Amino acid sequence: MFVDSHCHINFEGLADRLPQVLENMRANQVTHALCVSVDLETLPSVLAIAAAHDNVYASVGVHPDHEDAAEPSVEQLVELASHPKVVAIGETGLDYYRLEGRTIADMEWQRERFRTHIRAARITGKPLIIHTRSSADDTLRIMAEERADEPGGVMHCFTEAWPVAERALEQDFHISLSGIVTFKNATDVQEVARRVPIDKLLIETDSPYLAPVPYRGKPNEPAYVSHVGRFIAQQRGLSDDELGVATSRNFFRLFQIPEPQVA
Ligand code: NI
């Protein structure tokens, strides 16, 4: 009934107990997961998991925060995205949170890397998975300049307030909420959870990070996306089923995955 639109089950702590992680998904009615790439060095582990499991999909991209990672070219991303289980380009975007003595002007390498990903997404027609932190204006500006609305995509692990969500929605992007929405002080994100049009909403874990309440502070895993879904259902006055079905449909439509027949 739920889909985890963004996880890193190839990371330590999840990859080494993958059969249990997949079993926990089943037990919690989490039917599918998208395992998101953060650099080309670890991409083979993402692709291997997706190739081995029907209900796990993959993306190709280099995270904006991975400064020392191999820099991808447009051609390389396009080529890697031809793998049959790759449904998206990312995660990409901008992250100005850790400037470490540098200025925003010094972060041109991130903006160039982001443009590369958008160009690859336009060529392949695969949607973008966008990470933005402390950089909303530049993220939205580059999205507009590079016509990211053509492939479309999702603002993942969204932590901005409603006005930023509105601007992303204007570019026809989806909004994905993680376990952060369940945190007591996350009132901005909870407002977003109530206001995003239901056909633009996705849910995710971003596991192994950001476990939702009641597992906050503990290792996260895709099964826990059910807690994110239930929390948002409550916020919106929907049943768990309604929220789960709507966000799962959005997932299959956005990532161009044939919708499985529900028994
Ligand atoms: Ni992530």
Side-chain angles (χ1 to χ4, degrees), residues 2-15 18 21 25 30 32-47 49-50 56-69 72 77 80-81 85-98 110 113-114 117-118 121 126-136 139 143 148 153-160 168 173-183 186 189 192 201-212 215-216 218-225 227-229 247 251 254-255:
F2 297 109
V3 169
D4 185 357
S5 75
H6 189 120
C7 63
H8 303 284
I9 48 177
N10 61 313
F11 284 16
E12 214 184 283
L14 292 173
L18 195 58
V21 167
M25 281 173 61
V30 177
H32 296 75
L34 175 46
C35 185
V36 174
S37 158
V38 295
D39 56 40
L40 300 181
E41 291 83 348
T42 57
L43 178 62
S45 65
V46 173
L47 297 180
I49 292 173
V56 180
Y57 290 85
S59 75
V60 168
V62 180
H63 195 288
D65 222 14
H66 288 217
E67 186 165 4
D68 298 328
L77 291 172
L80 291 166
K85 291 299 287 287
V86 170
V87 296
I89 304 294
E91 60 185 278
T92 182
L94 298 177
D95 193 325
Y96 297 160
Y97 185 70
R98 291 182 200 89
Q110 274 195 8
R113 183 184 286 178
F114 186 25
H117 283 77
I118 300 174
K126 296 189 195 233
L128 287 152
I129 299 170
I130 296 184
H131 166 111
T132 182
R133 193 175 187 196
S134 309
S135 58
T139 301
M143 285 165 64
V154 57
M155 310 301 288
H156 109 88
C157 194
F158 194 80
T159 52
E160 304 286 336
F173 264 66
H174 293 64
I175 305 287
S176 180
L177 299 178
S178 70
I180 289 175
V181 73
T182 67
F183 297 175
V189 183
V192 170
L201 183 64
L202 296 178
I203 54 176
E204 65 172 80
T205 58
D206 207 7
S207 52
Y209 314 114
L210 298 169
Y215 304 107
R216 187 171 180 178
K218 302 205 172 104
N220 197 3
E221 61 178 83
Y224 298 166
V225 82
H227 292 274
V228 179
T247 51
F251 173 85
L254 175 63
F255 295 111

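What you see is a predicted model, and the numbers here were worked out from it, not measured in a lab. Every number for a ligand or one of its atoms is a count from 1 in the order of the listing.
- Met155 places a side-chain heavy atom less than 4.5 Å from the side chain of Met143.
- From His8, atom NE2 reaches atom OG1 of Thr42 across 9.5 Å, with rounding to the nearest 0.5 Å.
- If you run side chain to side chain contact (heavy atoms under 4.5 Å, CB included) between Ile175 and each of Val154, Leu202, Val192, only Val192 comes through.
- The side-chain tip of Arg216 points at the ring of Phe183 from less than 6.0 angstrom away and within 45° of straight on.
- Around the Ni ion (ligand 1), the protein atoms of type N, O or S found under 2.8 Å away are His6 NE2, His8 NE2, Glu91 OE2, Asp206 OD1, listed by chain and number.
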Where do Phe11 and Val38 land on the side chain to side chain contact (heavy atoms under 4.5 Å, CB included) test, with the steps shown first? CA-CA 10 Å; Phe11 284 16; Val38 295; 3.9 Å; yes
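- Legend: residues meeting ring pair (Phe, Tyr, Trp, His ring centres under 6.0 Å) with Tyr215, ordered by chain and number and at least two apart, are Tyr224, His227.
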